[in-house]
Amino acid sequence: MNTDSKVLLRRREQSLGAGAELFYRQPIQLVRGQGAHVFDETGRRYIDFYNNVPAVGHGNTHVADAISYQQRTINVNSRYLHEGVVDYAKRLASLHCSRIESFVFGCSGTEANEVAIQMARLATGRRGILCTNAAYHGNSDLVGRLTNAGRTDQEDPEIHAFPFPDLYRPIAKGCSGQELEDAYLARIHAAIEKFDASGVGLAAMLICSLFANEGLPNLPSNFMARAADVVRAAGGLVIADEVQAGFGRTGHWWGYEATGFHPDIVTLGKPMGNGVPISAAGASRDLVERFRGRTDYFNTYASSPLQAAAGMAVLDVIERDGLLGNARQVGAMLKEGLERIAAIDPHLGDVRGRGLFIVVDVVTDRESRTPDPRRAAAMVDRLKDLGFLTAAAGAHKNLVKVRPPLVVSREDAASFLEAFETARQEICG
Ligand SMILES: Cc1ncc(COP(=O)(O)O)c(C=O)c1O
């Protein structure tokens with residue numbers, strides 16, 4: 001770290017408080033970005049293999065022009081008629097399964113999940129929420145309770161966690177895929193029974209369509225569709241958190257298309273505005289209107305012409321530039337390359353993912369599959385030194401998470417694979 005960055009780090013601690021998280025042992029200062037490339041204060045280039053908010057690229061001019069035009073023209077709160085907002089919601093609905101017709105806009109994924117939970121509770125008249133034991137859906141008091149469920153011994157009467165489905169570190173050993181699927185579904189049944197027994201009742205299951213924060217596990221083949229059936233049979237609603245999974249990340253528009261189920265409510269965020277804070281909870285018109293009728297929900301910056309302009313511009317770029325296809329093609333190349341590298345290293349256990357969302361599972365050894373977060377962090381740091389941004393993630397923080405902007409090129413992917421092999425030789429091999 002140079003002297004200027006050290007000074008900035010000290011000033012940051014003073015202004016933001018020490019403990020405000022930073023990536024990397026030696027943090028970096030980014031001053032500019034273009035496409036999948038970002039540059040530090042010395043002009044050094046890094047290729048971004050991590051950030052999904054600037055999904056259509058850092059410094060995207062189409063989005064920047066749309067925002068600038070809208071801000072110069074009119075930007076007001078949601079209590080005025082505006083054609084752009086309605087057109088945006090309609091276009092968003094047209095990209096979803098038929099259950100999703102209308103939206104409540106917000107400014108963060110957390111807010112979208114708050115709305116989704118309230119919507120499900122109002123619709124069902126029950127309060128129980130099911131989530132996984134390694135979930136992250138946001139940081140508010142209510143949504144944060146989902147993070148705690150399954151991680152503490154203290155029972156939350158309204159939130160029950162079930163073990164996230166995982167073929168690499170399954171809850172039961174030596175059984176067939178079908179038996180494992182049944183075993184995971186049995187945990188969902190058990191959690192629902194607990195809600196019924198306590199009188200809380202099941203309102204909804206809230207899950208990320210890809211279990212991204214859990215570690216992007218490979219799933220038993222029909223798990224998602226069957227889990228959705230179980231929840232609906234118990235009178236609950238299925239909420240798909242698409243905050244990480246959505247907007248083309250997997251090469252499909254939505255993660256739920258990749259994992260094979262239809263949600264009753266979707267929550268959207270992160271890449272939705274390429275950096276402008278936009279989120280949404282989407283559902284049938286009936287569900288949305290029941291929520292509207294009971295809550296008078298208002299969100300100062302949400303559902304504004306500015307949000308709509310940014311959101312519309314993001315959809316334009318994804319469609320115009322064929323970014324779903326790019327996610328599929330460059331993603332397949334990356335995954336194959338990472339699989340080839342991992343195959344020869346005893347510390348690289350599993351390569352998983354779809355489209356431009358891939359994780360490499362770093363382990364102490366292949367036999368035990370014990371997570372090795374220390375080595376994963378070292379890989380991430382070394383990759384950064386070599387000019388590539390990634391981060392460690394997952395339930396055990398032992399995954400090298402590869403999730404570049406959707407505009408990343410084949411050339412960038414080829415350079416990344418070379419750097420990954422170099423880092424592997426130094427840190428693992
Ligand atoms: C799957 C998922 N849902 C929701 C959120 C919360 O989004 P936000 O930070 O915009 O509140 C996150 C944030 O990382 C997330 O990964």
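Heads up: numbering here begins at 1 and tracks the sequence. All ligand and atom numbering here is 1-based and tracks the order in the structure. Bear in mind the structure is a predicted one, so any value in this text is a computation, not a measurement.
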Look at [atom] and say which protein heavy atom is nearest, naming residue and atom and giving the distance to 0.1 Å.
atom: atom 15 (C) of ligand 1; value: N213 ND2, 3.7 Å
atom: atom 16 (O) of ligand 1; value: Q244 NE2, 2.8 Å
atom: atom 8 (P) of ligand 1; value: G109 N, 3.5 Å
atom: atom 3 (N) of ligand 1; value: D241 OD2, 2.6 Å
atom: atom 11 (O) of ligand 1; value: T110 OG1, 2.5 Å
atom: atom 14 (O) of ligand 1; value: K270 NZ, 2.9 Å
atom: atom 4 (C) of ligand 1; value: H137 O, 3.2 Å

- Check the angle between the aromatic planes of Y256 and F261 and answer parallel, tilted or perpendicular using the 30° and 60° thresholds.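 Judged by the thresholds at 30° and 60°, the geometry between Y256 and F261 is perpendicular.
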- Aromatic ring pairing W254/H96, orientation class (parallel under 30°, perpendicular over 60°, tilted between):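 Answer is parallel, since the angle falls under 30°.
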- Task: Could you see which bit of T267 sits under 4.0 Å from ligand 1, with heavy atoms only: side chain, backbone, both or neither?
- Result: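 None of T267 does.
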- Task: Answer side chain, backbone, both or neither: which part of N139 comes under 4.0 Å from ligand 1, heavy atoms only.
- Result: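 Neither; no heavy atom under 4.0 Å.
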Sidechain N-carboxylate O distance under 4.0 Å for [X], [Y]:
X: E339; Y: R352; result: no
X: D40; Y: R45; result: no
X: K90; Y: E101; result: no
X: D141; Y: R145; result: no

- Query: Which of the numbered atoms in ligand 1 are below 4.0 angstrom from a heavy atom of S108?
  - Reply: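 Taking each heavy atom of S108 in turn, ligand 1 has 10 (O), 11 (O) under 4.0 Å.
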- In ligand 1, which numbered atoms sit nearer than 4.0 Å to a non-hydrogen atom of Y136?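 Taking each heavy atom of Y136 in turn, ligand 1 has 1 (C), 2 (C), 3 (N), 12 (C), 13 (C), 14 (O), 15 (C) under 4.0 Å.
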- Assess R187 against F162: is NZ or CZ under 6.0 Å from the centre of the six-membered ring, and within 45 degrees of the ring's axis?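 No, a cation-pi geometry is absent between R187 and F162.
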- Would you call E111 a ligand 1 contact, heavy-atom distance under 4.0 Å?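 Outside the 4.0 Å threshold, so no.
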- Query: Given the side-chain rings of H37 and Y46, with only the six-membered ring counted for Trp, is the space between their centroids under 6.0 Å?
  - Reply: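 For H37 and Y46, the ring centres are not under 6.0 Å apart.
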